[in-house]
Amino acid sequence: MQESLVNEVQEYTNKYLEKKSKKDRKKIGQFFTPAAVADFMASLSGDYENFEELNILDCGSGTGILATALVDKFKTHKNLKRLHIDLYEVDSDVLPILTKSMEYIKHKLENSPIKFTYKIIHGNFVTLNVDNWNSDSVGRYDLVISNPPYKKISKSCEEAVAMNSIVHGQPNIYFLFMAMALKLLKENGEFIFINPRSFTSGLYFKKFRTWFLENVNISRIHLFVSRKNVFGNDQVLQETIILKAVKSRLNEDMMCISESTDSDLSKNIFQIYMPYDTVITKNENKFILLPTNEEDVKIMNLMSNWKYNLVKLGYKLKTGPVVDFRSLEYLKNEPSNETVPLLWLHNFNDGLIRFPVTKDGKPPYILNNSESKKLLLKNKDYLLLKRFTSKEEKRRLQAAIYSSKEFNYPQIGFENHLNYIVKESGNMELNELFGLYALFNCDILDKYYRIVNGSTQVNATEVNSMPLPEKELIVRIGDLILKENDLSVDKCNDIVNNIFNI
Ligand SMILES: C[S@@+](CC[C@H](N)C(=O)[O-])C[C@H]1O[C@@H](n2cnc3c(N)ncnc32)[C@H](O)[C@@H]1O
């Protein structure tokens, strides 16, 4: 059996980890890919059996374990005569290990027909390639493999300014790495990344996502059941995916989505080939939908027939405008002639709003004066939706009915941790309100939200573009739930599942 180069580099990595603190590594977004994950990523590349020469890029290379995994795969290829790797790394502490890894490979390939060369480029991968980003010339690499640094950076950072055409809001260095790496690839070159899932949805990633999807053909996305141990002892809280794509403006018909545990990547718990068009949403947001079981797939298929969304139906989900620490002067513990209720997440109570409830010293009232008025909303009927839920909570989407009748005030305050759905013109009829309530409290929509977004936050962009059925059906669902007089999730599921024959 062939000796595995990756295992040796893993040893070097382990030794380095003993010396450099987690805190110092976190500052530069440094956490290393375990050998098994590196091997899996390398296994996703094409076979390149007929290639005589290969040019590989490993950006943010750390100890070089990803590039090494590729060499392990290609080292026995009969036709290969030249194998070159460029490795970008900013951290001078890890450079000796990186050099050691590459020298080790060189030594091991000394007597093979493959001429192995490498170049370590000490510096910032993004800023060093700005000219390439701005040029029309074609890339030079056949293959890029990377576990990019994960770090939020400011919009005024050199990297973000340089790539400003794909930045909206606060950027994260990881997606700038993805974009730059793609730019440096040859046409039809392969792209293999392990990176956070967050770019697959969300407004802040929209510019990047749109550009990226126009320039790649994704063939595989691999997810992990648990995010805990993908990076060994370094607990990375971000949900991580492995992405395999080809640089091409043409898309294949199908894409493979798979999921495994983090401890055994060779056994997929779930794997499906789905039409490209079903995975990438057709709306302008271009979300990447990631089902992880058969039920998810059924839900995607059902909802792909729903032609409406909140906005098309005349509603909109918005975020509560009262940010407590910015509004301290208006917040009150006791009511007065000048105050109106301020609702928080803890006012949610089995689908309804309970008021007043005090929790953790959070003031239940807010001043309604000429200055604070801009933070308040007209007292009309709203559907409230939690904006944050904890990882332990079973449901992401949790709705409650805000009935204007119950609050004898002209205005009302909604705190920033809750979202509200408003009818843009006029007030909602009772059956509309209860219909939306049942939909947003049923398992179908909750699961769909998870297919779109892996985080625990419920964002306006995602919810506003979620497919919904026509108004007549929403109203019918509302009539049924009103008749039953039961707001439980079970009842919502019964009614919705019945309407859609699930
Ligand atoms: C998440 S680690 C991955 C390391 C290695 N590729 C692996 O998979 O084990 C990202 C690496 O990128 C390096 N890095 C961070 N910012 C960088 C930059 N702007 N340019 C080049 N390397 C960078 C870090 O020092 C770190 O070694």
Side-chain angles (χ1 to χ4, degrees), residues 5-17 19-42 44 56-72 85-102 118-130 132-133 143-154 157-163 171-181 184 191-196 227 230-238 240-243 265:
L5 305 172
V6 147
N7 290 343
E8 182 73 12
V9 174
Q10 178 74 72
E11 293 292 317
Y12 302 164
T13 310
N14 293 346
K15 290 213 178 87
Y16 172 79
L17 283 172
K19 284 198 222 121
K20 186 142 173 159
S21 77
K22 214 174 194 171
K23 199 165 135 235
D24 285 342
R25 287 189 290 114
K26 214 175 157 191
K27 275 190 218 143
I28 47 172
Q30 191 173 67
F31 42 90
F32 297 113
T33 313
V37 179
D39 276 339
F40 175 77
M41 288 171 68
L44 300 179
I56 293 172
L57 166 66
D58 180 347
C59 41
S61 44
T63 60
I65 201 155
L66 294 180
T68 308
L70 282 177
V71 179
D72 259 334
I85 307 180
D86 278 344
L87 306 112
Y88 283 84
E89 177 53 58
V90 81
D91 176 24
S92 38
D93 289 350
V94 80
L95 289 183
I97 319 293
L98 181 57
T99 311
K100 192 171 164 187
S101 305
M102 293 304 115
Y118 71 90
K119 185 172 167 195
I120 294 176
I121 302 149
H122 181 201
N124 186 324
F125 170 62
V126 176
T127 51
L128 283 173
N129 282 296
V130 172
N132 290 314
W133 178 250
L143 215 157
V144 55
I145 192 159
S146 179
N147 171 4
Y150 171 86
K151 206 165 44 121
K152 283 187 180 150
I153 56 172
S154 117
C157 256
E158 210 184 338
E159 293 95 325
V161 172
M163 299 179 77
N172 194 307
I173 188 83
Y174 87 81
F175 77 77
L176 300 183
F177 263 61
M178 291 171 78
M180 187 63 87
L184 298 178
F191 176 101
I192 305 172
F193 262 63
I194 181 163
N195 53 256
R227 63 189 80 179
V230 180
F231 295 104
N233 291 330
D234 280 351
Q235 296 225 338
V236 174
L237 291 174
Q238 277 286 322
T240 306
I241 57 174
I242 292 172
L243 187 80
L265 284 91

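Position 1 is the first residue of the sequence, and the numbers go up from there. First listed ligand is number 1; within each ligand, the first listed atom is number 1. None of the values given here were measured: they were computed from a predicted structure.
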Student: Got a second to check how far Leu57's CG is from Ser146's OG, nearest 0.5 Å?
Tutor: 7.5 Å
Student: Can you confirm whether Ile192 sits close enough to Val144 that some side-chain heavy atom of one is under 4.5 Å from a side-chain heavy atom of the other?
Tutor: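 Side-chain contact under 4.5 Å: no.
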Student: For Lys20, does the NZ atom sit with more than 12 other heavy atoms under 6.0 Å from it, leaving out its own atoms?
Tutor: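 Enclosed.
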Student: Got a salt bridge between Lys119 and Asp86, using NZ or NE/NH1/NH2 to carboxylate O under 4.0 Å?
Tutor: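 No, this pair does not count.
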Student: Has Asp58 got a side-chain atom pairing as donor or acceptor with Leu87's backbone, closer than 3.5 angstrom?
Tutor: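 No, because the side chain of Asp58 does not come within donor-acceptor range (under 3.5 Å) of the backbone of Leu87.
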Student: Identify, chain by chain and in numerical order, each protein residue with a heavy atom under 4.0 Å from an atom of ligand 1.
Tutor: Ile28, Gly29, Gln30, Phe31, Phe32, Thr33, Gly60, Ser61, Gly62, Ile65, Leu66, Glu89, Val90, Asp91, Gly123, Asn124, Phe125, Asn147, Pro148, Pro149, Phe177
Student: What distance do Tyr88 atom OH and Ile120 atom CD1 have between them, rounded to the nearest 0.5 Å?
Tutor: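 Tyr88 OH to Ile120 CD1: 12.5 Å, rounded to 0.5 Å.
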